[in-house]
2 protein chains.
Amino acid sequence: MNIGQAAKAAGVSQRMIRHYEGIGLIPAPVRTEAGYRVYSSADVHTLRFIGRARDLGFPLEDIEVLVRLWRDRSRASAEVKALALAHVKGLERKIAELQAMKRTLEHLAATCHGDDRPDCPILEGLSTGPDGPAAIKPANRRTVGGGR
Amino acid sequence: MNIGQAAKAAGVSQRMIRHYEGIGLIPAPVRTEAGYRVYSSADVHTLRFIGRARDLGFPLEDIEVLVRLWRDRSRASAEVKALALAHVKGLERKIAELQAMKRTLEHLAATCHGDDRPDCPILEGLSTGPDGPAAIKPANRRTVGGGR
DNA sequence: TATGGGCCTTGACATCATGTCAAGGTCAAG
DNA sequence: CTTGACCTTGACATGATGTCAAGGCCCATA
């Protein structure tokens with residue numbers, strides 16, 4: 001199977017398959033004489049595993065461990081569970097941050113009449129405060145901020 | 001005021017101040033003969049505004065608009081409110097995605113005994129399913145996934 | 001057999017906001 | 001004048017992914 005078919009079968013883009021190979025998350029596959037990558041259905045299975053783990057928000061770094069444990073038939077399920085629960089904790093932190101932002105913004109917006117008048121509590125809020133402990137401040141703004 | 005003091009006063013890193021200047025979010029400040037950037041307290045005020053907007057998760061692209069509206073004393077508050085509410089919608093979407101991940105992961109983890117035995121429903125879940133509509137699939141995995 | 005379209009290859013650049021490091025210039029206090 | 005704290009620019013890294021470009025390969029059809 002060529003990369004295009006493998007990608008379709010696994011629900012992972014060709015770009016990502018090559019990337020996973022590049023970072024050593026999956027082994028380099030056999031090549032045809034012309035240099036085409038050739039995948040087995042076992043490879044596709046692995047790729048699907050990776051895709052699902054991504055859908056649950058695991059970073060590739062964790063996925064490397066998960067794949068290793070998955071292959072290791074003598075693993076302790078405790079290790080997997082710990083990884084999963086740590087990730088849940090991370091998700092909870094992000095959710096809390098986003099909810100704090102949402103709450104603050106809703107409060108500001110609630111008192112903004114939102115018409116033709118220039119009067120705007122939202123801008124005032126951004127301009128004036130909060131300087132005190134208003135929201136859960138991410139250590140690093142980028143951890144959660146931005147995007148739409 | 002030099003950049004270091006401005007950064008401290010505004011709660012924004014020097015790196016980011018230079019970046020905001022680079023992308024045109026703030027105007028290039030006056031320089032000393034030696035080329036040092038010189039900031040006024042009004043500049044600091046703007047930077048603090050930007051920092052707070054970032055803390056609420058606005059992307060810089062939106063912040064550019066917000067700053068413009070902030071300066072424009074004849075703005076319509078409706079425009080600000082619309083921007084804020086659109087951002088709230090975005091936050092809600094992300095929160096929902098993260099919660100879906102969390103829920104799925106908790107379900108998987110709940111049935112995993114997490115001891116020395118290799119038996120692991122979490123890995124089985126990743127390996128076997130879900131192929132059906134299990135979670136809110138982000139159009140683009142990167143929109144929300146990963147990270148800790 | 002020649003040609004075209006669809007597949008593959010690698011490499012590079014973009015995203016988004018931020019950190020960090022390096023090499024070098026400046027300023028102020030001792 | 002030296003030292004240390006500050007400033008400058010530029011480059012590279014993060015994480016996962018998209019996209020584009022230039023070029024090679026394969027197969028089917030005219």
Side-chain angles (χ1 to χ4, degrees), chain A residues 1-26 28-39 47 50-64 87 90 94 97 137-148, chain B residues 1-26 28-39 47 50-64 87 90 94 97 137-148:
Chain A
M1 195 180 335
N2 283 341
I3 199 173
Q5 289 153 329
K8 215 166 288 181
V12 169
S13 72
Q14 300 182 26
R15 176 70 175 80
M16 282 303 101
I17 296 178
R18 296 198 188 97
H19 182 58
Y20 297 157
E21 179 187 332
I23 64 175
L25 178 57
I26 58 175
V30 173
R31 303 265 190 148
T32 66
E33 279 184 25
Y36 284 25
R37 290 169 179 81
V38 176
Y39 296 92
L47 288 168
I50 293 171
R52 288 199 204 94
R54 284 296 299 132
D55 285 340
L56 291 181
F58 284 101
L60 292 180
E61 196 183 357
D62 284 10
I63 294 177
E64 200 178 340
H87 183 47
K94 280 194 197 162
E97 287 183 11
K137 281 239 186 180
N140 211 339
R141 262 165 192 155
R142 82 164 171 278
T143 49
V144 96
R148 248 169 332 176
Chain B
M1 191 178 346
N2 283 341
I3 198 173
Q5 289 154 327
K8 215 167 285 181
V12 168
S13 72
Q14 299 183 26
R15 175 70 175 80
M16 280 305 99
I17 296 179
R18 296 198 189 97
H19 182 57
Y20 297 157
E21 178 187 332
I23 64 174
L25 178 56
I26 57 175
V30 172
R31 303 267 190 148
T32 67
E33 279 183 23
Y36 285 25
R37 289 170 179 82
V38 176
Y39 296 92
L47 287 168
I50 293 171
R52 290 202 203 92
R54 283 297 298 132
D55 286 339
L56 291 181
F58 283 100
L60 292 181
E61 195 183 357
D62 284 9
I63 294 176
E64 199 178 341
H87 184 47
K94 280 193 197 165
E97 286 183 10
K137 281 239 186 179
N140 213 339
R141 263 164 192 156
R142 81 165 172 278
T143 50
V144 95
R148 236 170 342 174

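To find a chain, count down the sequence lines: A is the first, B the second, and so on, and within it residues start at 1. Small disclaimer: the values here were computed from a predicted structure and weren't measured.
Using a 4.0 Å heavy-atom criterion, one finds that B:Arg18 contacts the bases of the nucleic acid, with or without backbone contacts as well.
A heavy-atom distance below 4.0 Å to DNA chain D is reached by these residues of residues 1-8 of chain B, ordered by number: B:Asn2, B:Ile3, B:Gly4.
In this structure, B:Glu61 atom CD and C:dT15 atom P are separated by 11 Å, rounded to whole Å. For the pair B:Glu21 CD and D:dG10 P, the interatomic distance rounds to 12 Å; values are reported in whole Å. When the P atom of C:dT10 is taken as reference, atom CD1 of A:Ile17 falls 13 Å away, rounded to whole Å.
Each end of the helix from C:dT1-D:dA30 to C:dG30-D:dC1 gets its own rotation axis from five pairs of C1' atoms, and the angle between them is 40° to the nearest 10 degrees.
Picking from C:dG19, C:dT9, D:dT17 the nucleotide with the shortest atom distance to the side chain of B:Met16 gives C:dG19. For A:Arg15, taking side-chain heavy atoms from C-beta onward, the closest of the listed nucleotides C:dA17, C:dC13, D:dC7 is C:dC13. The side chain of A:Tyr20 lies closest to D:dT17 when the candidates are D:dT17, C:dC8, C:dT9.
With sequence neighbours excluded, the residues forming a side-chain hydrogen bond (donor to acceptor under 3.5 Å, both in side chains) with A:Arg18 are A:Gln14, listed by chain and number. For B:Gln5, there are no side-chain hydrogen bond (donor to acceptor under 3.5 Å, both in side chains) partners at least two apart in sequence or on another chain.
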Please table the atom pairs, donor to acceptor, closer than 3.5 Å between any side-chain atom in residues 30-37 of chain A and protein atoms at least two apart or in another chain.
| from | atom 1 | to | atom 2 | distance (Å) |
| --- | --- | --- | --- | --- |
| A:Arg31 | NH1 | A:Gly35 | O | 2.8 |
| A:Thr32 | OG1 | A:Ala34 | N | 3.3 |
| A:Thr32 | OG1 | A:Gly35 | N | 3.4 |
| A:Thr32 | OG1 | A:Tyr36 | N | 3.1 |
| A:Arg37 | NE | A:Glu21 | OE1 | 2.7 |

* Structure fact -> Letter by letter from the 5' end, nucleotides 23-30 of chain C scores (B base, S sugar-phosphate only, - none; protein heavy atoms under 4.0 Å) --BBS---

